[in-house]
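Below you'll find the structure, written out as C-alpha cells, and then a few comments.
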Amino acid sequence: MKLFKFDTLRRFLLRNLRDTWIKPLNPQHPHSVLISRATYSPWYNDPAFMKTYDTVKNSTLVDIYRCYELWTLVRQLEHVQGDAIEVGVWKGGTGALIASQLSNVASSRKMYLCDTFVGVVKAGEKDTLYRGGEHADTSKEAVLELMGKLGVSQQVEILQGIFPEESAHSIEHSQFAFCHIDVDTYLSAKDVFEWVSPRLSVHGVVVFDDYGTWGCEGVADLVQEIAKDSRFFLFQNINGHAVFIKLADSNHG
Ligand SMILES: C[S@@+](CC[C@H](N)C(=O)[O-])C[C@H]1O[C@@H](n2cnc3c(N)ncnc32)[C@H](O)[C@@H]1O
C-alpha cells in the first residue's frame, strides 16, 4: 500500500516537474532541471569511491555524478600513456579524487594540480556570469592537507599561477593521459585545451567540467568549437560534463 502511494507520488512529480525551465543567461543556451527516469547509482556498489568521495565532498563544487564519472574514466586509463592534470583546483576535491584513483592505476604517474589560488581569470564577453576573482577562498596549504588525508601527497605536484603562461614551463615536455578542465571561463578553458591537446596521448581523455553549468556558457561555446575537430570524439554527458577522447595526432585527409 505504502509502495503504491510512493509510486503514485513519483509519477505525479515526474509528470509535472520533469522539465522545469530555468531562466537562461543567454537565449542561445537554454537551461532546465530534469527529473531523469534513469536512477541507477553504481557508486553505491563502489566502496573505494564512496570512502574517497566522503573525504573530498566538502572540498568540491562538483556533484557525485560528475565525481563518479571522473573516477571511472581514470580507472580505464591503464593502457594510455601519460600523467594527469587538473586546471581549476579550488579546494582540491576533484583533484584529490583523480589523484587517488590514479594511484590505484599506476603509482608512478604524476598528477599536476594547477590553480591561481587567487580565483578565476580571463573573463570576457563570451562569459555570462564570471567577471574574475571568484573562488579565491582557498590556498595551496588547504589542498596539500586534503592530499595528505588521502595519502597521495607524493604523487601530486601543485603548479601555482595562471595556466599555462605562468605555470606550465616545468611540464612543457610531459605527456598526458587525462586532463580535467574546470576553470569557468571561455578563454582560460581554450588556452588550457590548446596547451594540453598536442601533449595528450592518442585515446587520452579531456573532461570539461563546466559544459552544462548555468553561468559557464562560454565553456559550452568552446566545446562546440572543439567538436568540429576530427581528431577528437565528443560525448556530451548531460550530467554537465563534455568528454573528449583523442582519436589521432593529426587531422584526417
Ligand atoms: C570552479 S573552481 C574549481 C573547482 C574544483 N575543481 C572542485 O573540485 O570544486 C575554478 C578554479 O579555476 C581556477 N582558474 C581559473 N582559470 C585559471 C587559469 N587560467 N589558471 C589557473 N587556475 C585557474 C580558479 O582560481 C578557481 O579556483
Side-chain angles (χ1 to χ4, degrees), residues 22 29 31 33-34 36 38 40-44 46 48-77 84-104 111-117 119-121 127-130 134-140 142-147 149-150 152 156 158 163 178-186 188-189 192-193 196 205-220 222-223 234-244:
I22 304 279
H29 299 86
H31 286 265
V33 170
L34 301 182
S36 172
Y40 182 44
S41 306
W43 44 88
Y44 288 120
D46 187 337
F49 169 78
M50 290 307 290
K51 192 162 178 263
T52 311
Y53 180 70
D54 208 45
T55 307
V56 307
K57 68 183 179 201
N58 294 328
S59 304
T60 184
L61 301 164
V62 176
D63 58 52
I64 197 165
Y65 297 90
R66 285 175 290 158
C67 282
Y68 191 63
E69 181 158 66
L70 294 173
W71 181 258
T72 53
L73 284 170
V74 174
R75 187 175 60 210
Q76 294 172 83
L77 291 174
I85 182 167
E86 174 175 81
V87 187
V89 176
W90 189 53
K91 297 189 179 189
T94 50
L97 191 86
I98 296 165
S100 183
Q101 182 67 299
L102 192 65
S103 73
N104 299 329
M111 167 82 200
Y112 297 99
L113 300 171
C114 314
D115 206 292
T116 62
F117 295 104
V120 168
V121 289
D127 303 302
T128 49
L129 188 68
Y130 282 85
E134 298 85 356
H135 307 307
D137 54 336
T138 182
S139 66
K140 205 171 158 176
V143 171
L144 282 171
E145 192 185 325
L146 182 63
M147 300 303 147
K149 281 187 195 161
L150 288 174
V152 291
V156 306
I158 295 186
F163 193 92
F178 189 76
C179 176
H180 184 222
I181 303 177
D182 190 3
V183 290
D184 302 316
T185 63
Y186 172 84
S188 263
V192 175
F193 184 79
V196 85
V205 174
V206 177
V207 177
F208 285 91
D209 175 78
D210 306 307
Y211 174 58
T213 302
W214 189 88
C216 294
E217 283 72 9
V219 178
L222 175 66
V223 165
L234 166 66
F235 291 93
Q236 298 184 55
N237 189 336
I238 304 305
N239 67 8
H241 274 164
V243 180
F244 283 101

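Values reported hereafter were calculated over all heavy atoms of this structure, with side chains retained and with hydrogens, waters and symmetry mates removed.
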- Show the numbers, then the answer: is there a side chain to side chain contact (heavy atoms under 4.5 Å, CB included) between T185 and V121? CA-CA 8 Å; T185 63; V121 289; 5.9 Å; no
Roughly how far apart are [X] [atom1] and [Y] [atom2], rounded to 0.5 Å?
X: I64; Y: T60; atom1: CD1; atom2: OG1; answer: 11.0 Å
X: L97; Y: T52; atom1: CG; atom2: OG1; answer: 6.5 Å
X: S59; Y: M147; atom1: OG; atom2: CE; answer: 8.5 Å
X: L73; Y: F235; atom1: CG; atom2: CZ; answer: 9.0 Å

- Item | Matching residue for S103 among L150, I98, V74, V152 - test: side chain to side chain contact (heavy atoms under 4.5 Å, CB included) | V152
How close do [X] and [Y] get, heavy atom to heavy atom, and via which atoms?
X: D127; Y: G218; answer: OD1-CA, 3.9 Å
X: M111; Y: I85; answer: CE-C, 4.2 Å
X: D137; Y: W90; answer: OD1-NE1, 2.8 Å
X: V183; Y: S188; answer: CG2-CB, 3.6 Å
X: K91; Y: T138; answer: CA-OG1, 3.5 Å
X: L146; Y: G93; answer: CD2-N, 3.8 Å

Side chain proximity check, [X] to [Y], heavy atoms < 4.5 angstrom:
X: F117; Y: S139; value: no
X: C179; Y: I181; value: yes
X: F178; Y: L102; value: no
X: H241; Y: F208; value: no
X: H180; Y: V206; value: no
X: Y68; Y: S41; value: no
X: V243; Y: L234; value: no

- Item | Residue pair K140, E145: steps toward the side chain to side chain contact (heavy atoms under 4.5 Å, CB included) verdict | CA-CA 9 Å; K140 205 171 158 176; E145 192 185 325; over 6 Å; no
Would you say the side-chain atoms of [X] pair up with the backbone N or O of [Y], donor to acceptor, closer than 3.5 Å?
X: D115; Y: V89; value: yes
X: E217; Y: T128; value: no
X: T213; Y: C216; value: no

- Item | Close aromatic pair by centroid cut-off 6.0 Å: H135 and Y130 | yes
- Does the separation of the ring centres of Y65 and W43 fall below 6.0 angstrom?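 Yes, the ring of Y65 comes within the 6.0 Å limit of the ring of W43, centre to centre.
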- Message: I'd like to know whether F49 forms a side chain to side chain contact (heavy atoms under 4.5 Å, CB included) with T72, so could you lay out the CA-CA distance, the side-chain angles of the two residues, the decisive distance to 0.1 Å, and finally the verdict.
- Response: CA-CA 9 Å; F49 169 78; T72 53; over 6 Å; no
- Any Lys/Arg nitrogen of D63 or K57 sitting under 4.0 Å from an Asp/Glu carboxylate oxygen of the other? no
- Task: Take L129 and W214 through the side chain to side chain contact (heavy atoms under 4.5 Å, CB included) test and state the conclusion after the steps.
- Result: CA-CA 9 Å; L129 188 68; W214 189 88; 4.2 Å; yes
- Looking at T94, D182, N239, D209, which one forms a side chain to side chain donor-acceptor pair (under 3.5 Å) with R66?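 It is D209; the other options fail the test.
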- Task: For the pair F244 and F193, name the ring-plane relationship: parallel under 30°, tilted 30 to 60°, perpendicular over 60°.
- Result: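 Aromatic pair F244/F193 classed tilted.
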- Message: Checking Y112 against E86 for the side chain to side chain donor-acceptor pair (under 3.5 Å) test, could you report, in this order, the C-alpha distance in whole Å, the side-chain angles of both residues, the deciding distance, and whether it holds?
- Response: CA-CA 6 Å; Y112 297 99; E86 174 175 81; over 6 Å; no
